[in-house]
Q: 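Have a look at the structure that comes next, please.
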2 protein chains.
Amino acid sequence: MLRLTKKADYGLMALKYLAEQAILAEQAGADLNLSGARSAKDIAEAYHIPPQLLAKILQTLARAGLLVSHAGTNGGYALARSAADISTFEVIRAIDGPLFITSCITIHGACDLAGHCTIKEPLRKVNDSITTLLSGISVADLTEPADHLPAAMAGGLVSIER
Amino acid sequence: MLRLTKKADYGLMALKYLAEQAILAEQAGADLNLSGARSAKDIAEAYHIPPQLLAKILQTLARAGLLVSHAGTNGGYALARSAADISTFEVIRAIDGPLFITSCITIHGACDLAGHCTIKEPLRKVNDSITTLLSGISVADLTEPADHLPAAMAGGLVSIER
DNA sequence: GGAAGCAAGACCAAAATGGTCGTAGATTGA
DNA sequence: TCAATCTACGACCATTTTGGTCTTGCTTCC
Ligand code: SF4
Ligand code: SF4
């Protein structure tokens, strides 16, 4: 349960990598207009993950507007926004789809027992809590050594009140 | 992603049901020693879920020590502890196994990229946060209309500090 | 015009999930 | 004692999801 798919996992790694590259590019000076773009192959090699698969993941991410792509020689992907502006929630949702804990929430009107299900509402709140938690964590937060305590999210998690 | 399996879903429903039965039994007076036990079939019918499947789920729950079972006529399952004392986390883990968001955490020493994976640690913290969130929610909390704001969990969620 | 890169989709194998069946053992009420 | 109820457990199966590959085509730069 509550398993993050490997695709999302890969996606986050790639995002983090690109975030780092963006920083490097910035440090290298503005005269060199290195946008920090990297090819899918580069990233795949850096982390030893199947290149073709990563390519597809990056494509979805690009389609979702989290990355910008540039074709052709020396092309590749780069962050569409600042790393601090991309939440892990967006990434995960873009890759794994908007599915969330209970079937009812995502399949929308699906679950045939929705009528006599008494557990639905409470669970929706748990779901919301996790959403807010994830939303509060940006890709930039991942790059830091984590001692930095990114105490971004406070409200919405503490209680399950409606 | 982050999908709760249907089994866990069913399990929670059953737990909640038993919690309610326990309360009813208590109200009925101590002279009738109704322990609030219900057969798997009863619960399955109440919620329209496949009886055989529910039976298996209850069995696992019983093995995990969350329920006590009693065979024979008028047998069935009852809560092993107070509803307020059973966290949703326990239930979910008992049913779906100890699997959690990243493969590395659960498969233990598995993920072959564990070496060059930079995302691992931060994710483990997210994982912990969710764990604490779930741990803070008891089965009893599920039975309430939820206006009651069970603000049980405070610490551990707010930040991802180490 | 190529080489290097992205884009998209069909396709596939393996694993997880959801669910069934059959059989065996405990308990109790008649 | 014996039949009706229950739990207990394992084998089994269908469907879905996941992870991953291949192929083909289109862009951009030199
Ligand atoms: S309605 Fe109830 S049973 Fe159906 S998916 Fe939602 S929580 Fe689960
Ligand atoms: S080590 Fe990294 S890549 Fe492997 S499962 Fe853990 S987070 Fe994912």
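Chain letters run A, B, ... following the sequence lines, proteins first and then strands; every chain starts at 1.
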Q: Could you go through the side chain to side chain contact (heavy atoms under 4.5 Å, CB included) check for B:Tyr17 and B:Arg38 one step at a time?
A: CA-CA 9 Å; B:Tyr17 184 81; B:Arg38 294 284 149 165; 3.8 Å; yes
Q: If every non-hydrogen atom of B:Leu15 is compared with every non-hydrogen atom of B:Leu61, which pair is closest and at what distance?
A: CD2-CD2, 3.4 Å
Q: What are the residues of residues 62-72 of chain B, sorted by number, that bring a heavy atom to within less than 4.0 Å of DNA chain D?
A: B:Arg63, B:Ser69, B:His70, B:Ala71, B:Gly72
Q: Atom OH of A:Tyr77 and atom P of C:dG5: how far apart are they, to the nearest Å?
A: 12 Å
Q: Using a heavy-atom cut-off of 4.0 Å across all strands, would you classify B:Lys41 as base, sugar-phosphate, or nothing?
A: nothing
Q: Once you round it to whole Å, what is the distance between P of C:dT17 and CD1 of B:Ile57?
A: 13 Å
Q: For A:Gln59 and C:dA10, what is the distance between atoms CD and C1' respectively, to the nearest whole Å?
A: 14 Å
Q: Take atom CG of A:Leu54 and atom C1' of C:dA7, then tell me their distance rounded to the nearest Å.
A: 15 Å
Q: Categorize A:Ala55 for me: base, sugar-phosphate, or nothing, with a 4.0 angstrom heavy-atom threshold over every strand shown.
A: nothing
Q: Assess whether a salt bridge exists between B:Glu121 and B:Arg124, defined as any Lys/Arg side-chain N lying under 4.0 Å from an Asp/Glu carboxylate O.
A: yes
Q: Looking at A:Tyr10, does any N or O in its side chain come under 4.0 Å of the phosphate oxygens OP1/OP2 on D:dT18?
A: no
Q: Within a radius of less than 6.0 Å around CG of B:Asn74, do more than 12 heavy atoms belonging to other residues, nucleotides or ligands occur?
A: no
Q: Assuming nearest nucleotide by heavy-atom distance, tell me which of B:Gln52 and B:Asp96 is located more 5' along DNA chain C.
A: B:Asp96
Q: B:Lys56 or B:Thr73: which one's nearest nucleotide on DNA chain D is closer to the 5' end?
A: B:Thr73
Q: Please state how far atom OH in A:Tyr47 lies from atom C1' in D:dG19, giving the value in whole angstrom units.
A: 20 Å
Q: Measure the distance from CG on A:Leu4 to C1' on D:dG19 and round it to the nearest whole Å.
A: 14 Å
Q: Taking atom CG of A:Leu67 and atom CZ of A:Arg81, what is their separation to the nearest 0.5 Å?
A: 10.0 Å
Q: Just how far is it from atom CG of A:Leu66 to atom CG of A:Leu18, taken to the nearest 0.5 Å?
A: 11.0 Å
Q: Report the distance from atom CG of B:Leu54 to atom OH of B:Tyr47, rounding to the nearest 0.5 Å.
A: 10.0 Å
Q: Of A:Asn74 and B:Leu53, whose closest DNA chain C nucleotide lies nearer the 5' terminus?
A: A:Asn74
Q: Could you state the atom-to-atom distance from NZ of B:Lys7 to P of D:dT16 in whole Å?
A: 16 Å
Q: Measure the distance from CG on B:Asp9 to C1' on C:dG18 and round it to the nearest whole Å.
A: 12 Å
Q: Within less than 4.0 Å of OP1 or OP2 of C:dA4, is there a side-chain N or O belonging to A:Arg38?
A: no
